[in-house]
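Some notes on the structure that comes next.
Just so it is clear, the values below take in all heavy atoms, side chains as well, and ignore hydrogens, waters and symmetry mates.
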Amino acid sequence: MKPIRVLIAKPGLDGHDRGALIIAQALRDHGMEVIYTGLRQSAVQIARAAVQEDVDVVGLSSLSGAHKSLFPKVVEALKKEGADDIPVIGGGVIPAEDIPYLEEKGVHKIFTSGSPTDAIAVYIKQLIHEETISAPKKIAHIGIAVESIDAALPFYQHTLGMEIEAVEDVESEHVRAAFLRIGETKLELLEPLNETSAIASFLEKRGSGIHHIALEVDDLHKRLQQYREQGIRMIHEEPKTGAHQAQIAFMHPKASGGVLYELWQSGKEE
């Protein structure tokens, strides 16, 4: 399999290239061939270089604040060169509120300041091999730690007017779980079955409250493999069986800004 060829460019008048050079080296470390066009390149120059070098991806870096103008110009220049099949990704000092606009204009992915270089390399590989991670389908449930399901239920049943859908013991997690549907998602009340339960530890440290958010995903095995390649910290490296025979894996809160996320793949029709 031939190496992925990436063109790294600094459009506009941006006079700093240290970040671009670091990314270029990181991509080379991942076995990619990198062409760096240097500073102060016009959109036309970048597009023509991409065609001449027969690259697979164009990576744009901007620290000047002109990304909303410059990045779309490169996308348009590639179209005029008949090379709109070459995906464009971008990075640098880019505010989060600008990302939807840039994606709407044809930039495939934006990596904000501080994004790990390994994550950029892994994304490029996934993009070229058409294996990019899809967004979660929905919130499968929100897990709420409680001392006692029986004591907590009156609030949910009588105050909120919700109905219990199912109650079961999940031996793998040492918890008793009660599910209450709300719209397209559920609330999952979690009561520890013994002191070895993670919920027992959570209750001792923090008391009752939201424990985790479960995101419904497809192909959990493949997703976990991709996260391993990216160096994403996980609690579970391999799927395990949860409630309703679903396949689950928890991400480490240090990988997600302090939020405990459960990746959840349905094990049967509900």
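- By the criterion of side-chain heavy atoms lying less than 4.5 angstrom apart, applied directly or through intervening Ile, Leu, Val, Met, Phe, Trp or Tyr residues, Ile35 is not grouped with Met32; the two fall into different hydrophobic clusters.
- Side-chain atoms of Asp169 and His174 include no donor-acceptor pair closer than 3.5 Å.
- Following chains of ILVMFWY side-chain contacts shorter than 4.5 Å, one cannot reach Ile182 starting from Phe179, and the two form parts of different hydrophobic clusters.
- There is a side-chain donor-acceptor pair under 3.5 Å between Thr196 and Asn194.
- The number of heavy atoms from other shown groups lying within 6.0 Å of CD (Glu237) is above 12.
- Side chain of Thr185 to main chain of Ala140: a donor-acceptor pair is present (N/O by atom type, distance under 3.5 Å, no hydrogens or angles).
- Residues Ile149 and Leu153 meet the side-chain proximity criterion, which asks for heavy atoms closer than 4.5 Å.
- One hydrophobic cluster, built from ILVMFWY side chains closer than 4.5 Å, cannot hold both Val51 and Val88; they sit in different ones.
- One distance of note links NZ of Lys105 with NZ of Lys73; it measures 12.5 Å at 0.5 Å rounding.
- Between the side chains of Lys240 and Ser172, not a single donor N or O lies within less than 3.5 Å of an accepting N or O.
- Taking every heavy atom of both residues into account, Pro11 and Leu70 meet most closely at O-CD1, 3.5 Å.
- Residue Glu97 qualifies as enclosed at atom CD: its count of foreign heavy atoms under 6.0 Å is above 12.
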Worksheet item: Could you go step by step and tell me if Ser208 and Leu203 meet the side chain to side chain contact (heavy atoms under 4.5 Å, CB included) rule?
Response: CA-CA 6 Å; Ser208 299; Leu203 289 168; 3.9 Å; yes
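- Closest heavy-atom contact between Thr37 and Lys10: OG1-N, 4.3 Å.
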Fill in: Residue pair Leu215, Ile139: steps toward the side chain to side chain contact (heavy atoms under 4.5 Å, CB included) verdict
CA-CA 5 Å; Leu215 305 175; Ile139 294 177; 4.2 Å; yes
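- A donor-acceptor pair under 3.5 Å is absent between the side-chain atoms of Glu173 and the main chain of Val170, judged by distance alone.
- Residues Glu188 and Ile144 are not in side-chain contact: their nearest non-hydrogen atoms beyond the backbone lie 4.5 Å or more apart.
- The CD1 atom of Ile235 lies 10.0 Å from the CE atom of Met251; values are rounded to the nearest 0.5 Å.
- Residues Leu260 and His211 meet the side-chain proximity criterion, which asks for heavy atoms closer than 4.5 Å.
- Here the side chains of Arg223 and Ser134 are in contact, with some heavy-atom distance below 4.5 Å.
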Worksheet item: For Val217 and Trp264, what are the C-alpha separation, side-chain angles and deciding distance, and is it a side chain to side chain contact (heavy atoms under 4.5 Å, CB included)?
Response: CA-CA 6 Å; Val217 300; Trp264 186 93; over 6 Å; no
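- Looking at His244 and Glu168, their side chains do bring a donor and an acceptor atom within 3.5 Å of each other.
- Atom CG of Leu60 and atom CD1 of Ile46 lie 5.5 Å apart (nearest 0.5 Å).
- Taking CZ of Arg40 as the reference point, atom CD of Gln45 lies at 12.5 Å (rounded to 0.5 Å).
- Nearest heavy atom pair, residue Ser62 against residue Ala66, reads OG-N, 4.2 Å.
- A donor-acceptor pair is defined here as one N or O able to donate and one able to accept, closer than 3.5 Å; no such pair exists between the side chain of Gln230 and the backbone of Ile120.
- Cluster annotation: Leu102 is not connected to Phe111 through the hydrophobic network of ILVMFWY side chains, with a link wherever side-chain heavy atoms come within less than 4.5 Å.
- In summary, the aromatic rings of Tyr261 and His212 are positioned with their centroids too far apart to meet the 6.0 Å limit.
- Here NE2 of His67 is found 9.0 Å from CD1 of Ile99. Values are rounded to the nearest 0.5 Å.
- Contact check for Ile89 versus Val58: no side-chain heavy atoms found under the 4.5 Å cut-off.
- Of the possible polar contacts, none joining the Thr241 side chain to the Gln247 backbone as a donor-acceptor pair under 3.5 Å is found.
- Under 4.0 Å is where a charged nitrogen must lie from a carboxylate oxygen, and between Asp150 and Arg176 at least one such pair does.
- Defined by atom type and a distance below 3.5 Å, a donor-acceptor pair is present between the side-chain atoms of His141 and Glu262.
- Salt bridge status for Glu81 with Arg48: present, with a side-chain N to carboxylate O gap under 4.0 Å.
- Across all non-hydrogen atoms, the minimal contact from Leu127 to His108 is CD1-CD2, 4.0 Å.
- Salt bridge status for Lys137 with Asp218: present, with a side-chain N to carboxylate O gap under 4.0 Å.
- Annotation for Lys80: atom NZ does not count as buried by contact number, only 12 or fewer foreign heavy atoms lying within 6.0 Å.
- The structure places CD1 of Ile142 at 6.0 Å from CD1 of Ile213, a figure rounded to the nearest 0.5 Å.
- Counting only heavy atoms from C-beta outward, the side chains of Leu27 and Ile8 approach each other to under 4.5 Å.
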Worksheet entry | Residue pair Gln265, His221: steps toward the side chain to side chain contact (heavy atoms under 4.5 Å, CB included) verdict | CA-CA 10 Å; Gln265 181 177 343; His221 280 88; 5.6 Å; no
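- Side-chain contact check for Val55 versus Ile86: some heavy-atom pair is nearer than 4.5 Å.
- Contact check on Lys79 versus Glu76 returns a salt bridge, with a Lys/Arg side-chain nitrogen under 4.0 Å from an Asp/Glu carboxylate oxygen.
- Heavy-atom neighbours of Arg228 CZ from other residues, nucleotides or ligands within 6.0 Å: above the threshold of 12.
- For the pair Glu147/Glu191, no side-chain contact is recorded, criterion being any heavy-atom separation below 4.5 Å from C-beta on.
- Using modelled atom types, one side-chain atom of Arg5 and one backbone atom of Glu53 make a donor-acceptor pair closer than 3.5 Å.
- Of the possible polar contacts, none joining the Arg181 side chain to the Leu187 backbone as a donor-acceptor pair under 3.5 Å is found.
- A single hydrophobic cluster is seen to contain both Leu220 and Ile133, as judged by linkage of ILVMFWY side chains at heavy-atom distances under 4.5 Å, directly or through other members.
- Closest non-hydrogen pair, Ala151 versus Ser148, comes out as N-OG, 3.2 Å.
- Closest of all the heavy-atom pairs between Gly242 and Ile248 is CA-CD1, 4.0 Å.
- Relative to the six-membered ring of Tyr101, Lys68 meets both conditions, a distance below 6.0 Å and an angle of at most 45° to the axis.
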